[in-house]
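Before any comments, here is the structure.
Counting starts at 1 for both ligands and their atoms, in listed order.
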Amino acid sequence: MMNAISSQQAVEFARNLYGIRATAQKLNGEYDHNFLLTGDDGAQYVLKLMHPDRERSEIDLQVQMLRHLAARDVGGNVPRVEKTIDDDDIAEVQTRDGKTRLVWMLHYLPHPLLADTQPHDPRLLMSIGQMLGKLDRALVDFSHPAAHREHQWDIKRAAWIEDIIHHIEDDHRRALVSDILTAFKKYAAPLLPDLRHSIIHGDANDYNLLVDADNHRAAGIIDFGDAVYTATICNLAIVCAYAMLGKRNPLHAAAAVIAGYHEVFPLTDSEIDVLYTLICTRLAVSVTVSAQRKSIEPDNAYYVISERPAWHTLEHLAPLAPDYARYVFRVACGKAIDYETTRAARQQYLGGNLSLTYQQPLKIVYGRMQYLYDEAGRAYLDFFNNVPQVGHSHPAVVRAAQDQLAMLNTNTRYLHDNVTRYAERLSALMPDSLEVCYFLNSASEANELALRLARTYTGAQDVIVLENAYHGHTGTLIDISPYKFMGPGGAGKKDWVHIAPIPDDYRGVYRRDDPARGAKYAQHVADIIAQMKADGRKLAAFIAETLPSVGGQIVPPLDYLQHVYRHVRAVGGVCIADEVQVGLGRLGTFFWGFEMMGVVPDIVVLGKPIGNGFPLAAVVTTRAIADAFDNGMEFFSTFGGNPVACAAGLAVLDVLEREQLPHNAQRVGRYLRAGLERLQAQYPLIGDVRGVGLFLGVELVNDRATLDPATQQARYIVNRLREEGVLAGTDGPHNNVLKLRPPLIINARDVDLFLHTLTAVLNEDDAQPASS
Ligand SMILES: Cc1ncc(COP(=O)(O)O)c(C=O)c1O
């Protein structure tokens with residue numbers, strides 16, 4: 001421990017050495033004794049009484065460095081050295097503990113610390129980057145022998161922490177640091193000797209950076225005690241590491257600093273490439289040293305000052321691919337295709353009716369579990385996309401597909417165990433009667449095949465569909481999708497297509513107060529069938545999403561499909577369940593929507609989530625229908641059921657089972673729904689909250705009596721949520737239903753973040769019901 005040196009002694013040194021009458025206040029210091037002096041004239045200084053072990057050359061390094069910088073533009077203030085009355089930069093004193101110490105004094109810079117300033121907006125972070133860039137630029141021609149030293153905080157030498165890593169008690173955290181060190185040794189350390197070298201500040205942490213908070217600008221930098229000759233990029237790595245602490249989007253924060261730095265002192269490609277590894281390494285050194293010091297002095301708060309946020313940041317970064325971080329940093333330096341170029345290229349080379357979501361479309365470059373990440377390093381909590389059922393790029397699915405792709409990818413004209421195993425697994429998840437599988441590449445192909453099966457089996461043509469339904473983008477499927485053929489550009493209804501009302505018991509003709517509403521909605525189907533008969537038409541199939549998602553996240557009355565299927569089968573029609581959006585565990589309690597509806601379809605169509613993003617779709621049907629389809633014409637899809645797609649499909653089923661995701665969907669879905677219902681009680685705009693598991697809809701209305709759809713507000717809300725880092729969508733005939741279909745892996749914390757963000761947006765002026 002340090003022996004105390006009193007403020008009184010500091011006052012005496014100030015007077016005797018510098019001729020300054022002042023009061024003294026002790027400052028925090030790790031090793032040396034620092035005092036804030038306030039002179040009679042109000043001028044303030046920092047008097048530094050160094051630890052007896054300090055070499056004069058170390059102090060001289062700082063003095064010379066500060067003098068060098070004082071004569072150059074560094075985009076902020078650096079402390080000025082005050083000379084003694086004998087015109088010396090450094091003096092030597094005897095303190096009352098009998099020790100000889102070096103003394104020097106700096107002019108105090110009265111700006112707030114970055115650590116005490118909030119928020120750290122991109123402008124401020126960029127300005128800090130600019131200041132550091134100017135600082136490093138100014139130091140290119142500075143040299144001092146004392147800087148050529150072995151310093152424990154020099155990132156270049158970070159491998160030394162291997163000897164103390166055992167002080168990290170938590171196994172998971174120790175492994176995290178160990179992985180970072182491995183990456184450092186493999187990817188960064190070999191490149192460092194060839195990078196630009198110079199003397200750097202070496203400790204631009206948030207307690208050494210001064211800010212002009214009012215103007216969102218960096219104001220200066222203090223404490224040059226860790227200056228060292230090393231790879232120049234290490235200085236930026238250090239400031240980035242600290243700029244990331246406590247941020248929801250740490251890469252975005254780092255990117256702002258990097259952009260500022262690069263603007264004034266351009267980075268080389270190799271520097272950008274190693275930067276992320278160096279940042280992580282710096283944080284790893286920091287937490288490891290903290291763990292060591294904590295084990296020696298468990299109660300010393302100074303040692304652990306930045307430990308918690310540093311761990312938090314490291315744990316936040318751990319799931320991210322380093323390649324993603326490098327990409328973000330390249331974007332920040334203007335070395336990747338920028339957003340506007342991508343937009344322009346899309347406009348030039350892609351079809352105009354290929355729509356983009358959100359007023360400010362997203363350029364997503366990375367996905368991991370429930371998060372999507374844009375090119376600027378911002379994370380978006382994904383509550384919308386239902387394809388990544390087990391999480392974006394779930395490692396188990398990625399590995400399964402990668403391994404199989406490296407082994408073999410062919411087609412179903414060869415025997416392969418993946419396709420048969422997958423067919424076996426899928427049919428085991430279905431009722432006994434659904435036992436034959438066909439595999440395709442998209443749900444459109446699967447619905448197309450389902451129609452062919454139904455028509456071949458029944459020898460009939462006609463199809464009954466629900467209002468506002470969508471089943472795919474092929475010619476025939478557009479014909480059975482009122483959402484398309486009745487919308488803009490649609491060619492209208494074909495005579496073989498019959499539209500039944502959507503069984504929407506919130507907005508439709510029969511509502512929740514009518515216990516017979518299921519039978520009544522189904523009666524419309526019976527009426528259509530009767531009219532067809534009268535017109536001499538024959539029914540091939542009834543097709544519907546078991547819970548209409550495109551129709552606005554509708555949960556039909558539970559007996560509706562039972563009545564419908566009875567009517568359809570009475571005239572020899574086939575019942576097709578489009579489970580593309582709702583199936584595969586999303587509903588929680590029920591693995592398939594038709595189970596919830598108490599029916600067994602004749603044909604089930606699967607797509608979207610079953611490959612978790614890998615193109616894969618399936619039709620599962622009865623032996624009788626499959627036999628009728630086996631009429632001599634070969635069925636073949638070049639890519640349908642290929643070994644890689646089936647490997648992905650099998651991995652998805654494994655993950656669903658291993659991670660008990662349907663159960664999670666049920667539990668977290670219930671929590672989300674309860675939260676939404678609380679909001680419904682508070683906000684008149686929310687007319688209805690419906691759905692099960694993680695298939696939820698929030699219908700927005702201007703008036704709960706007239707149900708006037710709040711379409712504008714729905715659009716406003718999803719766009720604002722996107723700005724706040726949360727993704728949701730809208731659907732339904734009036735586009736006034738917030739559609740929530742997150743990956744099944746989300747947890748209660750994600751729900752809290754979603755609800756918190758939604759609540760904030762619901763309070764905004766543009767999210768209020770329109771007065772009638
Ligand atoms: C219910 C439903 N069925 C079928 C499809 C068609 O799927 P795909 O685009 O994969 O062909 C979609 C697509 O949105 C859908 O929502």
Residues 452-459, side-chain donor-acceptor partners within the protein, below 3.5 Å, at least two apart:
{"residue": "R455", "atom": "NE", "partner": "Q461", "partner atom": "O", "Å": "3.1"}
{"residue": "R455", "atom": "NH2", "partner": "Q461", "partner atom": "O", "Å": "2.9"}
{"residue": "T456", "atom": "OG1", "partner": "R452", "partner atom": "O", "Å": "2.6"}
{"residue": "T458", "atom": "OG1", "partner": "A454", "partner atom": "O", "Å": "2.7"}
{"residue": "T458", "atom": "OG1", "partner": "A460", "partner atom": "N", "Å": "3.1"}

At less than 3.5 Å, what protein N or O atoms come close to the N or O atoms of ligand 1? Include the distances to 0.1 Å.
{"residue": "ligand 1", "atom": "3 (N)", "partner": "D578", "partner atom": "OD2", "Å": "2.8"}
{"residue": "ligand 1", "atom": "10 (O)", "partner": "A443", "partner atom": "N", "Å": "3.3"}
{"residue": "ligand 1", "atom": "11 (O)", "partner": "S444", "partner atom": "N", "Å": "2.8"}
{"residue": "ligand 1", "atom": "11 (O)", "partner": "S444", "partner atom": "OG", "Å": "2.5"}
{"residue": "ligand 1", "atom": "14 (O)", "partner": "K608", "partner atom": "NZ", "Å": "2.8"}
{"residue": "ligand 1", "atom": "16 (O)", "partner": "Q581", "partner atom": "NE2", "Å": "2.7"}

K538/D462 salt bridge by N-O under 4.0 Å criterion: no
Check your understanding: Looking at F383, is R741 sitting on its ring face, NZ or CZ under 6.0 Å from the six-membered ring centre and within 45 degrees of the normal?
Key -> no
message: For Y380 and Y373, I'd like to know if the aromatic rings sit close, meaning centre-to-centre distance below 6.0 Å.
response: no
*In plain terms, say whether E424 and R421 are close enough for a salt bridge, that is, a side-chain N and a carboxylate O under 4.0 Å apart.*
no
Query - D374 bridged to R378 by N-O distance under 4.0 Å - result: yes
